[in-house]
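Labels below follow one simple rule: chain letters A, B, ... track the order of the sequence lines, proteins then strands, and each chain is numbered from 1.
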Protein chains: 2
Amino acid sequence: MTSADAPTRTLAHPDPEAAAALLEAGIDEGALCTLFGRCRVAYDGRASSTLGPGDRHVMLKPDGAALVHTDEGQQPVNWQPPGCDHAVWVDDGDLVVESERETPDEELAITFERIDHAAAFDVTDATELSLSGTEEDLRERILDEPDLVEPSFTPLATERSTAAGAVDIYGEDADGRTVVVELKRRRVGPDAVGQLDRYVEALTRDLHDDADVRGILVAPSVTDRARELLAQKGLEFVALEPPET
Amino acid sequence: MTSADAPTRTLAHPDPEAAAALLEAGIDEGALCTLFGRCRVAYDGRASSTLGPGDRHVMLKPDGAALVHTDEGQQPVNWQPPGCDHAVWVDDGDLVVESERETPDEELAITFERIDHAAAFDVTDATELSLSGTEEDLRERILDEPDLVEPSFTPLATERSTAAGAVDIYGEDADGRTVVVELKRRRVGPDAVGQLDRYVEALTRDLHDDADVRGILVAPSVTDRARELLAQKGLEFVALEPPET
DNA sequence: AGTTGCATCTCGAGC
DNA sequence: GCTCGAGGTGCAACT
């Protein structure tokens, strides 16, 4: 492991200048950089926020993302999306990390009054995540075995576009009636009913032949309120989960 | 800074046993722990996923959250929510980090074949984020100055409950007609129209006096499709943003 | 514990 | 670039 590769560089309790040098080099080289220490954070863009002094972990990604994590929560307390430009400097003895973008105009500024740790990691990761149990898996399950929706259900198209958007599965029932199927990988609430209702209304309008269009919500389960809404709208529910594999 | 405090402990290129010892101690003491190195990841719970070998940054929080970050994206490629139990051991020469919870039963397993860096940070952060530009700010703006919705609009309640859920602002117009206002802090699409429509229908039903209920969507702007849906449903739109401060 | 809706949601696909 | 909907969404408030 030669220093020319310099795959990982760390500094314990660096002064602001040393930390800034490490970060600048790391950002320049496409490294993933981290900081830990006591800092204040200010954000302004789609909204605005300020955060007083506290110990936090900061990550700067080579794609321009920035993350500020406290000791709690899965979500960062402050962040900046990929595509931002990171900049670092020393202001009045404090290390300042700024990450900004345009469209929308957003800026995140982190001011460290104490730096416990700084690091730059060379990172390569071409591997893609393999995920199962998604809505797409549920769709494939139904296309494989349409009777799971109801006997003699016939899928005719997926992602069929309507004036209200694309419906998950478009098909017809044993009597030749048009059926709109909306899929959800998990238990559904009122929003999913509204979505299905929009599609059914749009399709009824599109077909303009007064033939009633059936709407079926397919999900593992429904909340009470969603079930009431379904009844009100004359829509149906079929309990079905994505396959386990 | 004494070793009894041990506020920050780091290891460069530790062997699996040393890393495991650091992590175990850090988890035990409520420290925020990080790892960087080449690893594989497997998740099983609400869905299932696998991720082949690659360089990633792993964070274990004292509240039980776990985050696996690659070089790209704001979101972790794998994670575990707060409330999980972290466990660490060495298996066949590899460091294994596992984080699991029940309700729902979920498990995340990270296997390191190379460890570049391990750290444990003592972290305290009582500071709360101050955020502005939210939907609540928009609501307060309207309650302060109801004419922003329309002249002589009178708010009567916020979060008024209906059979379809709580409406943002419930009030009446200059003619005494019931008005339902749905607020959005940013540009709205079809989903927001569906939401407003649900509330208007529920309230019309609740009041059961055939007095028509007006529905007004208040947001910075609307998409074309949402505008069409509003027209179809006989709902209205008022352009208004959250205050800048 | 379950439900509901907001979020600086993020992210990807389609247009 | 915008739009739309999925997401292992997370998250807080409320029941």
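Taking atom C1' in both C:dT10 and C:dC6, one finds a spacing of 14 Å when rounded to whole Å. One C1' atom belongs to C:dG14, the other to D:dG8, and the distance between them is 25 Å to the nearest Å.
When the side-chain nitrogen and oxygen atoms of A:R186 are compared with OP1 and OP2 of D:dA6, none of them lie within a distance under 4.0 Å. Checking the phosphate oxygens (OP1, OP2) of D:dT9, a side-chain nitrogen or oxygen of A:R185 falls inside 4.0 Å.
Against DNA chain D, the stretch residues 188-206 of chain A makes heavy-atom approaches under 4.0 Å through A:Q195, A:R198, A:Y199. Residues of residues 123-143 of chain A having a heavy atom closer than 4.0 Å to DNA chain D, listed by number: A:L131, A:T134, A:E135.
Atom CG in A:D168 sits about 10 Å away from atom P in D:dG5, given to the nearest Å. At whole-Å resolution of the value, NZ in B:K184 and P in C:dC9 are 11 Å apart. In this structure, B:D105 places its CG atom 14 Å from P of C:dA1, rounding to the nearest Å. Between the CG atom of B:D224 and the P atom of D:dG1 there is a distance of 19 Å, given to the nearest Å. Rounded to an integer number of Å, the gap from CZ of B:R160 to C1' of C:dG5 is 18 Å. Distance, B:L229 CG to D:dG5 C1': 14 Å, rounded to whole Å.
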Scan nucleotides 11-15 of chain D against the protein and return all N/O pairs shorter than 3.5 Å with their distances rounded to 0.1 Å.
{"residue": "D:dC11", "atom": "OP1", "partner": "A:Q74", "partner atom": "N", "Å": "2.9"}
{"residue": "D:dC11", "atom": "OP1", "partner": "A:Q75", "partner atom": "N", "Å": "2.9"}

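In the set C:dT8, C:dG2, D:dG1, the nucleotide with an atom closest to the side chain of A:R46 is C:dT8.
If A:A226 and A:E106 are placed on DNA chain C by their nearest nucleotide, the residue sitting closer to the 5' end is A:A226.
Under the 3.5 Å distance criterion, the side-chain polar atoms of B:H86 are matched with a main-chain donor or acceptor of B:A65.
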